[in-house]
S.K.: 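Please find one structure pasted underneath; my questions will follow.
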Amino acid sequence: MTLRVSEQNMPSDCDVIDDIEDMVTPHEPTPHERQFSRKSVVPRARRRKALPLPEELQADSVIPGTQKVWVKTWGCSHNNSDGEYMAGQLAASGYKMSDSPSDADVWLLNSCTVKNPAEDHFRNSLRKAQDQNKTVVVAGCVPQAQPRMDYLKGLSIIGVQQIDRVVEVVDEAVKGHTVRLLAQKKDNGRRLGGARLDLPKIRKNPLIEIISINTGCLNACTYCKTKHARGSLASYSVVELVERARQSFQEGVCEIWLTSEDTGAYGRDIGVTLPSLLWALVREVPEGCMLRVGMTNPPYILEHLEEMAKILNHPRVYAFLHVPVQSASDSVLMDMKREYCCRDFMRVVDFLKDKVPGITIATDIICGFPGETDADFQETLELVKKYRFPSLFINQFYPRPGTPAAKMEQVPAQVKKQRTKQLSALFHSYNPYDHKVGERQRVLVTEDSFDSQYYVAHNKYYEQVLVPKRPEFKGQMITVDIYDSGKHFMRGRMVKDTAVISPSISRPLQKGEVSGLAQELKGSCQSGVLAPSTLIGRWWRRADEGLKVLSAGLALLAVALLFVFESLQR
């Protein structure tokens, strides 16, 4: 081999090196010496430069939508419906709903302001949550009516007409921010009934749908705190309510409760009447399902008595009406500003009892309202003796802060307690169902009994009938023979060889399942994993209204490109 070196780089005394060996000088070590020297070499590890510690992630550790939420509701069926809507939206947005307060990260407390004890329970739960370092969001009538209460300072609040924004409020609360949404919903200056009726919902009982037909009322009762929270009358349209009922039946519901602060006043703000709504709803009720009309005050039902009697006689409407009298004394009713006299109440009851045989009339009475005399109270006792109401809600008067009644001269506490006890004793002195033992009745089975030993069913008159706890009865209309009765219930046994009506036009939702969701979303809600469409939904609620049309197109384009990319990857 010949190695030629450029002359420019060659030493002057060198010519051409013809062989590689010529490059080795005589002073170079021999191969043997090289091998020997290797044996005496002690290798030394190279000192490497220390690697930097891994960089600590700076991402926000609080990710809204990953927490467990416990919802607690106090109060009326309207409040319960609001609680169901809020739970449904949170679940649809990825939050996991919990039945255990200790296991939950967030407590959503949905309050009632009707009586002092209800607010006391709410306040105690709030303190307990704070002691356990839970994230707290409050809702319902208490914070809506008095958002500046000391014990509500620093807390996020959802107003009674803002329940459709519950996800936004909880998202911010878990990040440590305080959000308060208390404004009234309006359309062209007209106050709306509240949030949309087609929102996701988790029904406490998958067989029962509670529909609020309006919010607020037309009265100005001097003892009522609810008016401060719910405001004046605002009704939903007949179309909205019928559509909600139709959707509920399609989800396996077999009983609908209509609720509001005063169902009798429904529609007066939008130019329709309660009977017109009820006739529209009755047409949607499948065979074997039932409709229950909620509480109505006497002034607003008087002009509809004829039509109401026809509706309550309908086979798919419970012959039941809740009409609060509060007192049989006209002077007390005047101080309450109830806008009717005792004779008006009696006219409602007498007419309906005559035209709707067997009807159940439930009523409320307040004991110890300011200025109530012994003679006033005696009139109330006589009214109860006359009608022997099978369902009677007895309330000791509690002055609610900010109401006119709180400033009136109060009846001594001991007198209020004594009157409450006396009226309760009268109520428990008669059994309204003894004469029904031996009857054969058709009943709709919808609930578990309080002690979980029976199923609870209701007959045409919405009287409670306990039946054996057999799974095949749940959600069915069955025929029973009444063999026993108590103060608040009857017991019935299934009659053999009689028809069982399965009223649901669809399979009922499972307990905890979200109503009103597209099928592809249900799995992601139950697993707690956010589907892409759910993520889009969370973003959509935050988007500016003016950009939504453009944004929707861009979002759909992004999703399409994502699918194309994934297809190419495969």
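Numbering of residues begins at 1 and proceeds along the displayed sequence. What you see is a predicted model; the values in this text were computed from it and never measured. These values consider heavy atoms only, across backbone and side chains, with no hydrogens, waters or symmetry-generated copies.
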S.K.: I'd like to know if the side chain of Thr135 reaches the main chain of Val106, judged simply by a donor and an acceptor atom lying under 3.5 Å from each other, with no hydrogens or angles considered.
M.R.: no
S.K.: Answer yes or no: is there a donor N or O on one side and an acceptor on the other, between the side chain of Asp262 and the main chain of Asn297, under 3.5 Å?
M.R.: yes
S.K.: Nearest 0.5 angstrom please: Tyr300 OH to Cys217 SG, how far?
M.R.: 7.5 Å
S.K.: Which heavy atom of Ile359 sits nearest to which heavy atom of Tyr461, and what is that distance?
M.R.: N-CD2, 4.1 Å
S.K.: Taking side chain to side chain contact (heavy atoms under 4.5 Å, CB included) as the criterion, tell me which of Met97, Gln89, Glu84, Met86 meets it with Ile202.
M.R.: Met97
S.K.: Are any of the side-chain nitrogens in Asp481 or Arg440 under 4.0 Å away from the carboxylate oxygens of its partner?
M.R.: yes
S.K.: Considering all heavy atoms of both residues, which atom of Cys141 and which atom of Val160 are nearest to each other, and what is their separation?
M.R.: N-CG1, 4.1 Å
S.K.: In terms of heavy-atom contacts, does NZ of Lys186 have more than 12 from other residues, nucleotides or ligands at under 6.0 Å?
M.R.: no
S.K.: Side chains of Leu278 and Met308: does their closest heavy-atom pair fall under 4.5 Å?
M.R.: yes
S.K.: Counting only heavy atoms from other residues, nucleotides and ligands, does the tally under 6.0 Å from NZ of Lys355 exceed 12?
M.R.: no
S.K.: Measuring from Glu284:CD to Leu241:CG, what's the distance to the nearest 0.5 Å?
M.R.: 11.5 Å
S.K.: Between Gln464 and Met490, is a side chain to side chain contact (heavy atoms under 4.5 Å, CB included) present by the stated rule, with each step listed?
M.R.: CA-CA 6 Å; Gln464 184 170 275; Met490 292 170 274; over 6 Å; no
S.K.: Quick check: do Asn205 and Arg203 have side-chain heavy atoms less than 4.5 Å from each other?
M.R.: no
S.K.: Looking at Arg123 and Asp120, is there a salt bridge between them, counting it only when a charged N and a carboxylate O are closer than 4.0 Å?
M.R.: yes
S.K.: Would a 4.5 Å heavy-atom cut-off, applied to side chains only, mark Cys254 and Met290 as touching?
M.R.: no
S.K.: Side-chain contact, heavy-atom cut-off 4.5 Å: His228 with Gln144?
M.R.: no
S.K.: Got a salt bridge between Glu119 and Lys225, using NZ or NE/NH1/NH2 to carboxylate O under 4.0 Å?
M.R.: no
S.K.: With Lys201 as the cation and Tyr85 as the aromatic partner, state whether NZ or CZ is under 6.0 Å from the six-membered ring centre and within 45° of the axis.
M.R.: yes
S.K.: Quick test of your reading of the model: are Lys185 and Asp164 salt-bridged, counting only N-O distances below 4.0 Å?
M.R.: yes
S.K.: Where do Trp257 and Glu209 land on the side chain to side chain contact (heavy atoms under 4.5 Å, CB included) test, with the steps shown first?
M.R.: CA-CA 6 Å; Trp257 298 356; Glu209 165 71 359; over 6 Å; no
S.K.: Using the ring of Tyr151 (Phe, Tyr or Trp, six-membered ring only), decide whether Arg127 places NZ or CZ under 6.0 Å from its centre and within 45 degrees of its axis.
M.R.: no
S.K.: Less than 4.5 Å apart, side chain to side chain, heavy atoms only: is that true for Phe249 and Cys289?
M.R.: yes
S.K.: When you measure from the side chain of Arg244 to the backbone N and O of Ile211, does any donor-acceptor pair fall under 3.5 Å?
M.R.: no
S.K.: Shortest non-hydrogen contact from Asp434 to Ser485?
M.R.: OD1-OG, 2.9 Å
S.K.: Return the minimal non-hydrogen interatomic distance between Ser98 and Trp70, and the atom names on each side.
M.R.: O-CD1, 3.3 Å
S.K.: Please report the interatomic distance CD(Glu287) to OG(Ser502), rounded to the nearest 0.5 Å.
M.R.: 11.0 Å
S.K.: Tell me, yes or no, whether the heavy-atom count around His121 atom NE2, taken from other residues, nucleotides or ligands under 6.0 Å, exceeds 12.
M.R.: no
S.K.: More than 12 heavy atoms of other residues, nucleotides or ligands under 6.0 Å from CG of Asp99: is that the case?
M.R.: no
S.K.: If you draw the axis of the six-membered ring of Phe427, does the NZ or CZ of Lys487 fall within 45° of it and under 6.0 Å from the ring centre?
M.R.: yes
S.K.: Is the terminal nitrogen or CZ of Lys72 (NZ for Lys, CZ for Arg) located under 6.0 angstrom from the six-membered ring centre of Trp74 and within 45° of that ring's axis?
M.R.: yes
S.K.: Taking the six-membered ring of Tyr462, is the NZ or CZ of Arg292 close enough (under 6.0 Å from the centre) and on axis enough (within 45°)?
M.R.: yes
S.K.: Before accepting this row, confirm whether a basic side-chain N of the pair Glu261/Lys227 lies closer than 4.0 Å to the acidic partner's carboxylate O.
M.R.: no
S.K.: May I ask you to check whether His322 and Phe393 place their ring centres under 6.0 Å from each other?
M.R.: yes
